[in-house]
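Below: one structure, written as structure tokens.
Because only heavy atoms are used, hydrogens play no part in the values below, and waters and symmetry mates are left out as well, while side chains stay in. Note that ligands are numbered from 1 as they come in the structure, with each ligand's atoms numbered from 1 the same way.
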Amino acid sequence: MVDVDSFIEEKLEEIATEVGDENAVIALSGGVDSSTAAALAYEAIGDQLTPVYVDTGLMRKGETEEIRETFSYMDSLRIIDAQDRFLDALSGITDPEEKRHVIGEQFIREFETVANDVDADYLVQGTIYPDRIESEGTIKSHHNVGGLPEHIDFEGIVEPMRDLYKDEVREVARELDLEEIISERMPFPGPGLAVRIIGEITEEKLEVARESNHVVEEELEEYDPWQALAAVIGKATGVKGDNRVHGWVVSVRSVESRDGMTARAQEIDWETLQRIQSRITGENETVARVVYDVTHKPPATIEYE
Ligand code: XMP
């Protein structure tokens with residue numbers, strides 16, 4: 001990208017020309033990519049664009065409210081509360097790829113309902129360059145919104161940021177005056193907290209994952225990580241009060257990266273790690289242990305599933 005202003009100008013024109021008088025939809029995830037693509041497309045075609053945010057129940061703490069506020073200027077915004085349907089669909093499923101598959105399918109079902117309702121011909125997507133590279137490989141199936149075009153018949157797909165890297169997307173987001181909470185937010189995977197919970201997704205594990213991720217995001221902000229996260233990785237023995245408990249093990253991870261394809265585990269000072277440990281075990285009755293993940297990518301991936 002040479003210059004942000006001319007990039008934006010060029011894309012506004014491109015989107016308006018491509019969509020013409022038809023309707024378009026975009027899946028808003030709360031992440032910087034889809035938010036930026038939505039802001040760009042909305043500026044280009046206004047209410048011909050319906051941004052759809054599906055609350056899967058696998059989102060970060062406060063995310064739905066932030067979306068509602070940030071995009072309240074878009075009259076066509078749709079927020080779908082699908083939490084119960086996702087939890088039901090995920091019940092009893094432990095295999096990582098099957099979980100992704102179930103989430104992807106349910107997402108498509110929710111999204112398709114709106115796309116049909118507004119008679120959408122075009123799909124706008126926040127795909128960026130590294131997404132295209134990673135999905136060519138076979139590391140993991142990225143449900144993201146990459147599965148949508150194969151399932152729903154659109155006249156065209158609009159991907160205004162397909163050649164950009166993440167840091168360039170953030171530049172565009174700033175230029176479009178997107179709230180800092182979005183433009184500077186860490187990347188968050190499409191399947192949400194589901195890839196930060198090993199084994200079956202239950203409400204109890206989700207609650208631990210949501211609260212722990214919130215603590216980690218807050219406490220590690222000053223380290224400016226590419227991603228900092230917490231995952232519920234299993235159970236272990238602990239002592240709470242006078243009782244031995246069999247509680248959750250939460251793994252904290254913080255990595256530096258340019259594009260997510262490779263990553264380095266960050267060195268975090270002991271005091272910060274201890275503060276994270278004491279907040280997570282203190283605020284969550286069912287957590288017995290907090291560990292820090294020192295593994296780079298490769299050999300590990302950034303997420304846990
Ligand atoms: P991994 O865990 O593969 O993650 O090292 C690399 C980057 O991709 C994100 N990620 C996903 N994004 N759908 C997504 O949209 C997924 O299924 C998915 N899995 C991982 C991850 O958060 C990191 O930024």
Side-chain angles (χ1 to χ4, degrees), residues 26-38 52-54 56 58-60 63 86 89-90 93 95-108 111 123 125-150 159 161-162 164-170 182 184-198 201 209-210 212-213 216-217 220 224-233 251-266 293-305:
I26 181 167
L28 261 185
S29 69
V32 62
D33 301 344
S34 64
S35 298
T36 307
V52 185
Y53 171 84
V54 179
T56 60
L58 307 168
M59 324 304 290
R60 286 173 278 195
E63 195 147 26
F86 274 85
L90 284 165
I93 296 177
D95 179 74
E97 282 300 303
E98 202 182 337
K99 267 198 231 173
R100 270 196 170 75
H101 181 73
V102 166
I103 294 168
E105 291 280 306
Q106 187 63 35
F107 189 89
I108 287 162
F111 191 77
L123 173 70
Q125 292 206 116
T127 319
I128 66 172
Y129 183 66
D131 296 338
R132 294 198 282 134
I133 301 307
E134 280 234 333
S135 51
E136 276 165 21
T138 50
I139 304 175
K140 281 179 194 172
S141 69
H142 275 211
H143 109 274
N144 220 15
V145 282
L148 289 175
E150 288 116 61
E159 293 179 324
M161 303 177 325
R162 65 198 312 276
L164 301 190
Y165 275 100
K166 196 69 139 196
D167 44 359
E168 297 172 318
V169 176
R170 291 194 204 283
I182 290 189
E184 308 312 312
R185 194 156 215 185
M186 296 168 203
F188 190 60
L193 295 175
V195 293
R196 298 180 181 172
I197 291 174
I198 292 183
I201 311 284
R210 187 175 293 116
S212 307
N213 271 277
V216 168
E217 275 198 32
L220 295 182
D224 198 21
W226 158 268
Q227 266 173 303
L229 57 95
V232 180
I233 61 171
S251 176
V252 174
R253 181 150 177 69
S254 188
V255 298
E256 288 164 358
S257 176
R258 175 163 197 240
D259 50 23
M261 289 193 262
T262 60
R264 285 193 69 78
Q266 273 189 319
D293 186 338
V294 297
T295 328
H296 305 309
K297 173 185 180 177
T301 50
I302 295 174
E303 305 291 348
Y304 277 76
E305 284 205 333

Inset, instruction - Would you check whether Ile302 has a nitrogen or oxygen atom less than 3.5 angstrom from a nitrogen or oxygen atom of ligand 1? - result: yes
Inset, instruction - Give the atoms of ligand 1, by number and element, whose distance to some non-hydrogen atom of Arg100 is under 4.0 Å. - result: 16 (C), 17 (O), 18 (C), 19 (N)
Inset, instruction - Write down the atom of Phe86, the atom of Thr56, and the distance for their closest heavy-atom approach. - result: CB-O, 3.3 Å
Legend entry - Nearest-0.5 Å distance, CZ of residue Arg196 to CZ of residue Arg210: 12.5 Å
Inset, instruction - Drop me the distance from Leu229's CG to Tyr304's OH, to the nearest 0.5 angstrom. - result: 6.5 Å
Legend entry - Of the listed options Gly192, Ala194, Gly190, Pro298, closest to atom 14 (C) of ligand 1 (non-hydrogen atoms): Gly190
Inset, instruction - Please indicate whether any nitrogen or oxygen in Arg196 is less than 3.5 Å from any nitrogen or oxygen in ligand 1. - result: no
Inset, instruction - Would you indicate which of Pro189, Pro130, Ala300 comes nearest to atom 11 (C) of ligand 1 when only heavy atoms are counted? - result: Pro189
Inset, instruction - Find all atoms of ligand 1 within a distance of less than 4.0 Å from any non-hydrogen atom belonging to Gly260, and give their numbers and elements. - result: 6 (C)
Inset, instruction - Working to the nearest 0.5 Å, report the span between CD of Gln227 and CE of Met186. - result: 8.0 Å
Inset, instruction - Kindly indicate whether a cation-pi arrangement holds for Arg162 with Tyr129, taking the cut-offs as under 6.0 Å to the six-membered ring centre and within 45° of the axis. - result: no
Legend entry - Donor-acceptor pair, side chain of Glu168 and main chain of Tyr165, under 3.5 angstrom: yes
Inset, instruction - Please work out whether any backbone atom (N, CA, C, O) or any side-chain heavy atom from C-beta onward of Met261 is under 4.0 Å from ligand 1, and answer side chain, backbone, both or neither. - result: neither
